[in-house]
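Only one structure is covered here, and it is reproduced in the block below.
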Amino acid sequence: MVVLGIETTCDETAAAVVERPGNGPGRILSNVVLSQIEEHAAFGGVVPEIAARAHVEALDLIIAQAMKEAGRSFAALDGIAAAAGPGLIGGVIVGLTTAKAIALVSEKPLIAVNHLEAHALTARLTDGTPFPYCLFLASGGHTQIVAVLGVGNYVRLGTTVDDAIGEAYDKVAKLLGLGYPGGPAVERCARDGDASRVSLPRPMLGRPHADFSLSGLKTAVRLEAEKRAPLSDADVHDMCAAFQQSVVEVVADRLRAGLKIFRKQHGKPTALVCAGGVAANDAIRKVLQQVAFEAGTVLVAPPPELCTDNGAMIAWAGAERLALGLTDTLAALPHARWPLAEVTKPANALPVTPDVTILDIIATGLPKIAPAKDG
Ligand code: KG4
Ligand code: ZN
């Protein structure tokens, strides 16, 4: 089964072709990612309007390159997948509409993929990890511990009550003048710093639930920076090291709590799996390894380029859903928010052939946008 995947939910324009040979890991035939970092850098973060326009300009070329590198024509594909959210709605509309057009003209099934589900299933693409496993998803927009019980079957065990971890990295980088994106910059500076020179809180440490809170930690860094201003390079390095040390300890503690809840509710996980941009961080990967070992399981950590946003994870999630007959119609909605718990489960499978035609879309007008929900 060979699927094209399109990712446009944030600041990466990405397309990939992935093969799902059957049960077991997949084969990435192409994986093209165009980062918009330079277009957003001057603003210190992603500007939704700039992102949507950049996706429009680049997406057809990125898809053409992915198809060329994979050596496939649209006719040789089994399905067309696109991230239909959650994410910045302008970008989501660009990717999903493009996928609908390709699905329509090539008469292939469309799969409207939840971006979080794609992160959640990446370990099956790289390692063929069997269900059930415990997922730690940490990106710029999400920080969640999830029991992954099957395709479409997710139970959230913990989440952040305020900022996501990647968001905290980005905000700390901004206030220390390290630019955007913040994660890699803070990680680099932390290597030369002395964490013991700055005292920072460990929010939620020791709580029995598996939730996170990051905004107090970020505020503590800001207050410390104001106290020490003007900051020397050594100050910046020490503060990055202290911030990262606090994040690492909190992540370990929250995952220990999450794994305890997992065992109680779902038995022993086959693995602890990490995903999302933050999982590219070496210090965090190291502590995840330790937590997995303590819990008597293994860590499955996909390579960093498959932890950050990419088209291969969308194509793979599309292939997993397609294999179960979970396809979508051309009326599939783009979502700004789309909690994992609300993705379609196999029991609600839709027919494989699209049952909405372009005539239906013309008759019913432009696609609607799903109402915002917690995601
Ligand atoms: O998954 P992702 O590529 O995009 C979404 O947010 O969906 O994650 C991007 C986030 C950013 O906040 C970025 O600062 C963070 O992941 N990140 C990192 C590292 N690399 C990326 N955070 C900490 N350490 C890193 N090495
Ligand atoms: Zn992501």
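All residue numbers in this chain count up from 1 along the given sequence. Start at 1 and go down the list; that is how both ligands and their atoms are numbered.
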Evaluate F262 against Y133 for ring-ring contact (aromatic ring centres under 6.0 Å, His included), listing each step before the verdict. CA-CA 9 Å; F262 189 110; Y133 54 85; 8.7 Å; no
Step-by-step salt bridge (Lys or Arg N to Asp or Glu O under 4.0 Å) determination, E224 to R228: CA-CA 6 Å; E224 195 64 38; R228 290 168 178 240; 3.1 Å; yes
Test of proximity, [X] against ligand 1: N or O pairs below 3.5 Å:
X	result
T308	no
N281	yes
P181	no

Taking [atom] as the reference point, the nearest protein heavy atom with its distance:
atom	answer
atom 22 (N) of ligand 1	G183 CA, 3.3 Å
atom 26 (N) of ligand 1	E187 OE1, 2.8 Å
atom 13 (C) of ligand 1	D170 OD1, 3.8 Å
atom 10 (C) of ligand 1	G140 N, 3.4 Å
atom 3 (O) of ligand 1	D309 N, 3.2 Å

Tell me, which pairs form a salt bridge (charged side-chain N to carboxylate O under 4.0 Å, His left out) where one or both residues lie in residues 169-180, sequence neighbours left out? D163-K171, E167-K171
Rounded to the nearest 0.5 Å, what separation is found between the [atom1] atom of [X] and the [atom2] atom of [Y]?
X	Y	atom1	atom2	answer
T129	D127	OG1	CG	4.5 Å
D238	D192	CG	CG	10.0 Å
T327	D78	OG1	CG	12.5 Å
M204	R207	CE	CZ	5.5 Å

My understanding is that we take every heavy atom of each candidate and find the minimum distance to atom 17 (N) of ligand 1. Doing that for C307, G277, A164, which one comes out nearest? G277
Ignoring waters, protein N/O/S atoms under 2.8 Å from the Zn ion (ligand 2) are H115 NE2, H119 NE2, D309 OD1
Does one side chain, of [X] or [Y], offer a donor that lies under 3.5 Å from an acceptor on the other?
X	Y	result
T9	E7	yes
S196	D194	yes
N114	E342	no
D309	H119	yes

Is H119 in contact with ligand 1, taking contact as a heavy-atom separation below 4.0 Å? yes
Heavy atom of G276 under 4.0 Å from ligand 1? yes
Report the part of H115 in contact with ligand 1, treating N, CA, C, O as backbone and CB onward as side chain, heavy atoms under 4.0 Å; options are side chain, backbone, both, neither. side chain
Where ligand 1 meets G141 - atom numbers and elements under 4.0 angstrom, heavy-atom basis: 6 (O)
Whether F243 and Y169 hold their rings parallel, tilted or perpendicular, with breakpoints at 30° and 60°: perpendicular
